[in-house]
Amino acid sequence: MSSEVLSVFDDKMNRIGQKTRDEIHETGDWHETFHCWLTTIENDECYVVLQKRAEIKKDYPGLFDITSAGHLLADEGVEEGVREVKEELGISVEFDDLIPLGIQKVEIKLDQIWDREICHVFLYECQSLPEFHLQKDEVDSLHKARLDDLLELFEGKVTEISLLEIGDDEHQQLVNTDSFVGKGSYYEKVFIGIKEKSRKS
């Protein structure tokens with residue numbers, strides 16, 4: 001992973017150079033990521049698909065996060081980010097089928113990492129959930145939650161919600177905001193955007 005070369009940006013999102021991923025996470029440079037959120041409708045309710053990050057991952061192991069996401073390499077455009085969906089989830093999506101949810105700047109600073117991302121965020125609406133083939137060194141499992149429940153959690157209206165594991169047994173799990181990768185107001189903004197887009201579709 002350390003050999004991945006990413007573009008570096010200044011605070012105004014101007015491209016100013018290149019570094020490896022490990023260097024960027026040490027120095028806290030802004031860099032680009034691709035985020036794809038999957039949703040589906042069940043019984044007239046919008047459900048959001050979340051991934052549980054693999055326990056063996058260096059960054060944020062075992063926490064819940066975006067359905068599929070990854071870094072954009074220095075020689076990639078945003079549209080090439082769909083490769084992450086194929087790699088992590090084993091399904092193919094077309095960039096033209098994605099609904100833009102805007103760009104967010106997210107910063108997480110921990111002892112071992114200083115992560116400052118320019119996030120290109122997209123929505124992919126599934127008529128029904130596809131058959132996933134997970135990249136197990138990246139993703140432990142996939143879970144779904146009602147969009148309204150997620151909004152209430154990140155708006156602070158409730159302290160925990162229930163997730164259902166996607167699979168044969170649909171195992172139920174209670175989670176709180178600490179169960180997610182700490183992205184501040186990112187999740188609330190995304191879930192509001194998904195709700196607005198879902199109303200128009």
Side-chain angles (χ1 to χ4, degrees), residues 1-38 48-124 132-140 142 180-191 193-194 197:
M1 297 293 282
S2 61
S3 62
E4 289 182 347
V5 177
L6 315 179
S7 292
V8 174
F9 296 80
D10 64 18
D11 290 342
K12 296 180 179 179
M13 296 193 290
N14 298 307
R15 195 184 309 265
I16 57 174
Q18 296 181 356
K19 289 184 181 179
T20 67
R21 175 175 169 174
D22 281 354
E23 288 172 333
I24 281 173
H25 283 169
E26 287 177 5
T27 55
D29 293 290
W30 289 104
H31 55 287
E32 288 183 304
T33 56
F34 173 87
H35 295 184
C36 185
W37 289 90
L38 271 63
V48 178
V49 179
L50 303 160
Q51 72 158 261
K52 186 176 184 182
R53 295 170 64 86
E55 294 287 353
I56 61 173
K57 284 188 69 67
K58 178 182 177 183
D59 305 331
Y60 322 116
L63 295 180
F64 291 96
D65 203 1
I66 303 146
T67 321
S68 181
H71 291 80
L72 290 174
L73 303 180
D75 59 352
E76 288 185 316
V78 176
E79 65 280 359
E80 293 171 275
V82 294
R83 64 169 170 76
E84 289 289 345
V85 183
K86 180 67 174 177
E87 291 171 7
E88 291 187 348
L89 308 183
I91 63 171
S92 297
V93 301
E94 298 294 330
F95 184 76
D96 289 345
D97 292 331
L98 302 183
I99 300 169
L101 295 177
I103 296 174
Q104 289 199 47
K105 293 173 73 177
V106 173
E107 179 173 3
I108 303 174
K109 191 170 186 179
L110 305 173
D111 290 341
Q112 70 276 22
I113 185 174
W114 187 5
D115 194 11
R116 296 205 293 175
E117 299 183 2
I118 299 169
C119 312
H120 299 267
V121 188
F122 295 89
L123 168 64
Y124 183 69
F132 297 105
H133 301 280
L134 304 183
Q135 185 180 9
K136 297 304 288 185
D137 59 344
E138 294 282 340
V139 184
D140 267 351
L142 293 177
F180 291 75
V181 176
K183 291 187 171 73
S185 62
Y186 166 88
Y187 293 108
E188 182 181 350
K189 291 176 182 176
V190 166
F191 298 142
I194 290 175
K197 296 293 184 181

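Values reported hereafter were calculated over all heavy atoms of this structure, with side chains retained and with hydrogens, waters and symmetry mates removed.
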In residues 84-93, what donor-acceptor pairs under 3.5 Å come from side-chain atoms, sequence neighbours left out?
unit_1: Glu88; atom_1: OE1; unit_2: Gln51; atom_2: NE2; d: 3.0
unit_1: Glu88; atom_1: OE1; unit_2: Ser68; atom_2: OG; d: 3.1
unit_1: Glu88; atom_1: OE1; unit_2: Ala69; atom_2: N; d: 3.4

Inter- and intrachain pairs under salt bridge (Lys or Arg N to Asp or Glu O under 4.0 Å), touching residues 26-35, at least two apart: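 Residue pairs passing salt bridge (Lys or Arg N to Asp or Glu O under 4.0 Å), neighbours aside: Lys19-Asp29.
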Stepwise, does the side chain to side chain contact (heavy atoms under 4.5 Å, CB included) test hold for Tyr186 with Ile66? CA-CA 11 Å; Tyr186 166 88; Ile66 303 146; 3.7 Å; yes
Report the distance from atom [atom1] of [X] to atom [atom2] of [Y], rounding to the nearest 0.5 Å.
X	Y	atom1	atom2	result
Leu63	Asp140	CG	CG	11.0 Å
Glu79	Phe34	CD	CZ	9.5 Å
His71	Leu6	NE2	CG	6.0 Å
Leu72	Thr33	CG	OG1	7.0 Å
Ser7	Asp75	OG	CG	8.5 Å
Thr67	Leu50	OG1	CG	6.5 Å

Distance-only criterion, 3.5 Å: show the donor-acceptor pairs between side-chain atoms of residues 97-115 and protein atoms not counting sequence neighbours.
unit_1: Lys105; atom_1: NZ; unit_2: Asp11; atom_2: O; d: 2.5
unit_1: Glu107; atom_1: OE2; unit_2: Trp114; atom_2: NE1; d: 2.7
unit_1: Asp115; atom_1: OD1; unit_2: His25; atom_2: NE2; d: 3.3
unit_1: Asp115; atom_1: OD1; unit_2: His31; atom_2: NE2; d: 3.2
unit_1: Asp115; atom_1: OD2; unit_2: Tyr60; atom_2: OH; d: 3.4

Looking at Glu55, I'd like to know if its CD atom is crowded, meaning that more than 12 non-hydrogen atoms belonging to other residues, nucleotides or ligands lie closer than 6.0 Å.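 It does: Glu55 CD has more than 12 such atoms within range.
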Do the non-hydrogen side-chain atoms of Tyr187 and Val181 ever get within less than 4.5 Å of each other?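 Tyr187 reaches Val181 side chain to side chain.
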Kindly indicate, with the supporting measurements, whether the criterion side chain to side chain contact (heavy atoms under 4.5 Å, CB included) is fulfilled by Val78 and Phe95. CA-CA 9 Å; Val78 176; Phe95 184 76; 4.3 Å; yes
Consider only side-chain N and O atoms of Glu23 and Thr20, and report whether a donor and an acceptor are under 3.5 Å apart.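 Judged by distance alone, the side chains do pair up.
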Would the distance check show the side chain of Arg116 and the main-chain N or O of Gly28 forming a donor-acceptor pair, the cut-off being under 3.5 Å?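 Yes, because the side chain of Arg116 sits within donor-acceptor range (under 3.5 Å) of the backbone of Gly28.
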Is a donor on one side and an acceptor on the other found under 3.5 Å between the side chain of Glu76 and the backbone of Leu73?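 Yes.
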Would you call Arg53 and Asp65 a salt bridge, using N to O less than 4.0 angstrom?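 Looking at Arg53 and Asp65, the cut-off is met.
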Give the minimum heavy-atom separation between Lys57 and Pro61, together with the two atoms involved.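 Lys57 and Pro61 have their closest heavy atoms at O-CB, 3.4 Å.
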